[in-house]
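Both backbone and side-chain heavy atoms feed into the values below; hydrogens, waters and symmetry mates do not.
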Amino acid sequence: MTIEFMKSVIVHRRNDFSLDKTAFLTIHGMSQNPVQSSPAANIRERLRRLTPYFGSQKGIWAVAVLATLVGALTEPMIPALFQPLLDKGFSENKLPLWIIPAVVVGLFAVRGLANFVAQYALSRITNDGMEKLRSRLFSQLMKADLSLFSKQSASTLSNTIVYEVQTGAAQLVTAVIALTRDGFTLIALLSYLMWLNWKLTLLVFTVAPGLSWIMKALSRRLYKLTKESQNATDNLAYVVEENVLAHRVVRLQGGQEHQVARFKQLALVLRRLALKSTVASAAMTPLTQMVAALSLSMVLVMALYQSQNGASGATVGGFVAFITAMLMLIAPIKRLTEISNPITRGLAALERGLNLIDDAQEETQGRHTTARAQGAVTWTNVHVQFSADSQPALSGISLHVKPGETVALVGTSGAGKSTLVQLLPRFVQPSAGTVALDGIPLEDWSLSNLREQIAMVSQDVIMLNDTVAANVCLGQNADRARIQASLEAANLWAHVQQMPQGMDTVLGHNASELSGGQRQRLAIARAVYKDAPLLILDEATSALDNESERSVQEALQKLMQGRTTLIVAHRLSTIEHADRVVVMEKGQVVEQGAPAELLARGGAYARLHHRGEWTSEPQ
């Protein structure tokens, strides 16, 4: 029975795991070109994908398997003790009294030590594999093409890297060891039964087809429900993420009840899937146990028949040993019937991580590098269209900025100003046309070297949950004197001095302890510290009050000296020192020139100026 049963575990998994990944990944909003699972794909091929992370420690695996094997071999020795105990100890009184306790204590000592070693090796394999896979996932995420972040939410990515990997690794490795342990135990017990009475043992194999069918049907359903549950969990986590980020807006709009109802609806979907999974998982054990009980009852009847007719020649001790070993088969069979659940869930969870690695294709780049760029920027007939059915964000832009020139980009909201500057660090890719730095197309630059040439302060300030100093020198070596100078230039040093640990104070989630203006000045300090030849100010003073803006503008003027500066402007004070103003409308350049010259023309810039587009101050 054991051999056929273990074959059924493997064979039915080959078929069950052939679920179409394309449909699943489409549901999850993942890869457009996922790794396909052909009908021939089996459990071995899926496990082979995990080998670089969980299979490299061959020595520890050998220790775990060996210890498991030793523990399994002790199982048939327990019923084997009954035969001499009953035949020689009770019937003939020829068994020395000290032998039984010595053998029992020694047997359990060996089994206990083997189990300890196996558990430690299992923990080592699991945690080392998790660390490797998580590190690979996060490293790949840091190099991934930016389109990935528009396809998947932050909650989905964090859930995959942190929780799915941990859950999947623990379940799968535990299941593999359990499969090995219980498989060895069944083989050992079965071998002992065959040695005692091979005719009775052959009856056990009659239940193999029934067990295989039950495992196959329920495991296929469990795998499908696991995939649907992952999707439901992502949706639920996304609602939580949205409401945490937008908690003020939700409260201001009075949307709490609507969001609670939305959350409850998704929670009920997850609850329904969890109950269905429980039914599929829980039904497997009693059904397989009933089939096994049928086999055991047949064996007992046949054993009694042989004993009554004197056909077997078995002793009382041998019969008790046989029945004990038969009953000991129930526990490993029960565990093996339940092993499909952790294998299914573990593989499904880890496959999400592996699919994320496949999804997170690295950004394309060239090889050109330079110590410091001159700062000449050229856009040549650049078009940007984010989707086929949307209006172009940029349409035929051609523009040249000389090294050291300060150019202000102005226009109404949606004119394409931010999109134009986002092309430079390649956060946005042009649909057509060429963008070049120092005459070299951006796609020919090494990405890391290209971004070393650019410092940006945008209207959306993002800070890490780290110290003030770490946020200022992000990505570079820390120099405390330079950090202080940068904070002074951004008019923030006086406030930092009042913090509990000064520049070593941890800011918390997105620097929530700072005001909006202070956070923006911290971003300016970061740009000052980077000292890049190309500076982008995307409404960099939008969150500052009048007094702070005046002090920061002075610092920015010093920062802009000798650098190419692109300013996305929102009010006149931001562009009064610009060498040139470029006016944009609907993704096109409609006018450019010196501010006074454009006012004198009476064109688009003059209309914006007279309407007071930039004259309103922040409240």
Side-chain angles (χ1 to χ4, degrees), residues 138 141-143 154 371-373 375 406 418 421-422 424-427 447-545 547-568 574 618:
F138 191 76
L141 196 66
M142 293 296 97
K143 300 181 291 184
R372 188 176 180 87
T406 299
S418 293
V421 297
Q422 293 288 331
L424 295 178
R426 296 189 64 190
F427 293 160
L447 271 176
S448 59
N449 187 250
L450 171 66
R451 289 167 181 168
E452 286 175 2
Q453 316 301 324
I454 302 171
M456 177 182 290
V457 181
S458 67
Q459 54 189 323
D460 299 318
V461 179
I462 302 296
M463 292 293 158
L464 304 181
N465 186 12
D466 208 334
T467 64
V468 174
N471 273 281
V472 172
C473 67
L474 179 64
Q476 302 180 72
N477 295 326
D479 183 327
R480 297 182 71 85
R482 281 183 59 198
I483 293 172
Q484 179 178 338
S486 300
L487 291 167
E488 289 174 349
N491 195 31
L492 192 60
W493 177 240
H495 178 77
V496 171
Q497 285 180 302
Q498 297 175 3
M499 291 181 169
Q501 284 83 39
M503 68 171 67
D504 296 316
T505 302
V506 177
L507 293 174
H509 175 66
N510 201 21
S512 57
E513 297 299 319
L514 301 180
S515 67
Q518 289 168 341
R519 291 169 65 245
Q520 196 125 29
R521 277 179 276 166
L522 186 58
I524 292 172
R526 180 186 290 168
V528 174
Y529 190 90
K530 190 171 186 180
D531 189 28
L534 179 58
L535 179 64
I536 299 174
L537 305 176
D538 190 352
E539 302 191 13
T541 60
S542 61
L544 303 181
D545 54 41
E547 182 178 354
S548 296
E549 183 187 8
R550 282 191 292 269
S551 59
V552 171
Q553 283 291 351
E554 182 180 350
L556 289 177
Q557 289 303 315
K558 295 178 182 178
L559 175 64
M560 290 187 291
Q561 292 177 2
R563 291 177 174 82
T564 303
T565 305
L566 298 173
I567 305 173
V568 176
T574 312

Is there side-chain contact between [X] and [Y], with heavy atoms separated by less than 4.5 Å?
X	Y	answer
Leu487	Val468	yes
Gln422	Met456	yes
Leu424	Leu566	yes
Arg451	Phe427	yes
Arg526	Leu522	no

Using every non-hydrogen atom in the two residues, find where [X] and [Y] come nearest and quote the distance to one decimal.
X	Y	answer
Val472	Ala525	CG1-O, 3.9 Å
His495	Leu514	NE2-CD2, 3.6 Å
Arg480	Met503	NH2-CG, 3.4 Å
Ala527	Leu535	CB-CD1, 4.2 Å
Lys530	Glu452	CE-O, 3.8 Å
Gly508	Asn465	CA-OD1, 3.1 Å

- Task: Please identify each residue that fulfils salt bridge (charged side-chain N to carboxylate O under 4.0 Å, His left out) with Arg482, with sequence neighbours left out.
- Result: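 Applying salt bridge (charged side-chain N to carboxylate O under 4.0 Å, His left out) to Arg482 gives none.
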
- Message: Atom CZ of residue position Phe138 - does it have more than 12 heavy atoms of other residues, nucleotides or ligands inside 6.0 Å?
- Response: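 At most 12 heavy atoms, drawn from other residues, nucleotides or ligands, come within 6.0 Å of this atom.
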
- Item | Leu507 side, atom CG; Asp466 side, atom CG - distance, nearest 0.5 Å |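 CG of Asp466 is found 8.0 Å from CG of Leu507.
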
- How long is the gap from CG on Leu534 to CD1 on Ile536, to the nearest 0.5 Å?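 Between Leu534 CG and Ile536 CD1, I get 5.0 Å after rounding to 0.5 Å.
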
- Query: Does any N or O in the side chain of Gln520 come within less than 3.5 Å of the main-chain N or O of Ser458, such that one atom is a donor and the other an acceptor?
  - Reply: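 Present.
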
- Message: Using only atom types and a distance under 3.5 Å, with no angle test, would you say the side chain of Tyr529 pairs donor to acceptor with the backbone of Asn471?
- Response: no

